[in-house]
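The block underneath contains the structure these notes are about, expressed in structure tokens.
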Amino acid sequence: MTYTHPPRAALGRIHPLADVPAAIKGASLERTAHHEAGHVVLMEWAGLTPTKASASAGNGLAEWDLAEIGADDPPTDHDRPLAAAQAAAVMHAGICAELIYVGHRWQGVTVRMRSKDWQLACMLLAQHFGPGLAGHGFSQRTALAVLTQHWPRVQQIAAHLIEHGTWRPENEQS
């Protein structure tokens, strides 16, 4: 499956909710590794520097250098709704990577209400689109497009996570 980047005009479009497919429910080291690798790849795409990822069956975390996020750019230089949707794509990348990994086609906004990823995406998007679903579909479709274009990179990081439990950028320099 290949996904294309959604057009800017689709930013505020509201997509239907889709159930979390059974194939991505429950604990799995392989799915968790792909989930966290998806976050790392979207961070790289967004220009953030990932610092570490970890994965175990049903538990994982991907981190980036928070010092990179600063107020050094004038606000007028940004399309803030688009920037928020792209930042939310980093948060949605995990669940999108899981969908790709299990071969399930995206059918609408896929939600895990209690996940920190979902909650952070909601916080990022609510400032520009309100508390509803606007922006989430665009963000997930962006994540899917980036991940399918860079799937070998996702698999590389996921394989390292499966074998070692953690990944850092310096692991690739040796």
Side-chain angles (χ1 to χ4, degrees), residues 3 5-21 24-25 27 31-56 58-101 104 106-148 150 154 157 161 167:
Y3 294 89
H5 287 269
R8 168 69 174 80
L11 188 56
R13 181 174 170 213
I14 297 175
H15 294 269
L17 282 176
D19 291 331
V20 174
I24 66 170
K25 290 182 181 176
R31 267 197 349 273
T32 303
H34 283 82
H35 178 111
E36 299 309 330
H39 286 305
V40 169
V41 169
L42 257 288
M43 288 175 202
E44 292 172 342
W45 172 81
L48 300 169
T49 303
T51 57
K52 179 182 177 185
S54 60
S56 62
N59 192 20
L61 183 65
E63 303 173 29
W64 70 84
D65 185 357
L66 292 173
E68 293 180 335
I69 301 173
D72 57 347
D73 295 328
T76 57
D77 289 350
H78 298 293
D79 177 343
R80 290 194 175 273
L82 179 61
Q86 290 172 337
V90 174
M91 299 299 109
H92 284 310
I95 199 164
C96 291
E98 289 186 63
L99 291 172
I100 295 167
Y101 174 71
H104 187 84
W106 187 79
Q107 297 175 349
V109 178
T110 308
V111 180
R112 287 185 179 132
M113 287 291 184
R114 289 178 281 181
S115 82
K116 290 213 182 286
D117 293 341
W118 175 257
Q119 293 166 3
L120 285 169
C122 287
M123 183 183 72
L124 289 164
L125 294 170
Q127 298 173 35
H128 302 282
F129 303 103
L133 292 176
H136 288 282
F138 183 94
S139 296
Q140 287 190 357
R141 290 175 59 213
T142 296
L144 289 162
V146 171
L147 292 171
T148 56
H150 299 281
V154 174
I157 295 166
L161 285 166
W167 171 91

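What you see is a predicted model; the values in this text were computed from it and never measured.
For residues 123-136, the set of pairs meeting the salt bridge (charged side-chain N to carboxylate O under 4.0 Å, His left out) definition, not counting sequence neighbours, is empty.
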> Does the side-chain contact (heavy atoms from CB on, under 4.5 Å) test come out yes or no for Glu63 and Leu61, once each step is laid out?
Replying inline: CA-CA 7 Å; Glu63 303 173 29; Leu61 183 65; 3.1 Å; yes
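Qualifying salt bridge (charged side-chain N to carboxylate O under 4.0 Å, His left out) partners for Glu44, counting only residues two or more places apart in sequence or in other chains: Arg153. Arg8 is linked by a salt bridge (charged side-chain N to carboxylate O under 4.0 Å, His left out) to Asp79, counting only residues two or more places apart in sequence or in another chain. In this structure Arg141 satisfies the salt bridge (charged side-chain N to carboxylate O under 4.0 Å, His left out) test with no other residue, sequence neighbours excluded. By the side-chain hydrogen bond (donor to acceptor under 3.5 Å, both in side chains) test, Trp106 pairs with Gln140, sequence neighbours left out.
Atom CZ of Arg114 sits about 10.0 Å away from atom CD of Gln119, to the nearest 0.5 Å. His39 NE2 to Cys96 SG: the interatomic distance, rounded to the nearest 0.5 Å, is 9.5 Å. Rounding to the nearest 0.5 Å places CG of Leu144 at 10.5 Å from NE2 of His5. Distance check: Leu99 CG to His34 NE2 gives 13.0 Å after rounding to the nearest 0.5 Å.
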List the atom pairs, with distances to 0.1 Å, where a side-chain N or O of residues 130-139 and a protein N or O form a donor-acceptor pair under 3.5 Å, not counting sequence neighbours.
{"from": "His136", "atom 1": "ND1", "to": "His92", "atom 2": "NE2", "distance (Å)": "2.9"}
{"from": "Ser139", "atom 1": "OG", "to": "Ala85", "atom 2": "O", "distance (Å)": "2.7"}
{"from": "Ser139", "atom 1": "OG", "to": "Gly135", "atom 2": "O", "distance (Å)": "3.0"}

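Of all the heavy atoms in Leu42 and Ala143, the pair that sits closest is CD2-O, 4.0 Å. Nearest heavy-atom pair, Val40 versus Pro50, reported as atom, atom and distance to 0.1 Å: CG1-CG, 3.8 Å. Heavy atoms only, all atoms of each residue included: Asp65 and Thr51 are closest at N-CG2, 3.6 Å. Asn59 and Thr32 get closest at one heavy-atom pair: O-CG2, 3.3 Å.
Residues Val20 and Val111 form no side-chain contact, since every pair of their non-hydrogen atoms from C-beta on lies 4.5 Å or further apart. Taking the side chain as every heavy atom from C-beta outward, Tyr3 and Val146 never approach each other to under 4.5 Å. Thr148 is listed as a side-chain neighbour of Ile100, based on a closest heavy-atom distance under 4.5 Å.
The pair Arg112-Glu98 meets the salt-bridge criterion, since a charged nitrogen lies less than 4.0 angstrom from a carboxylate oxygen.
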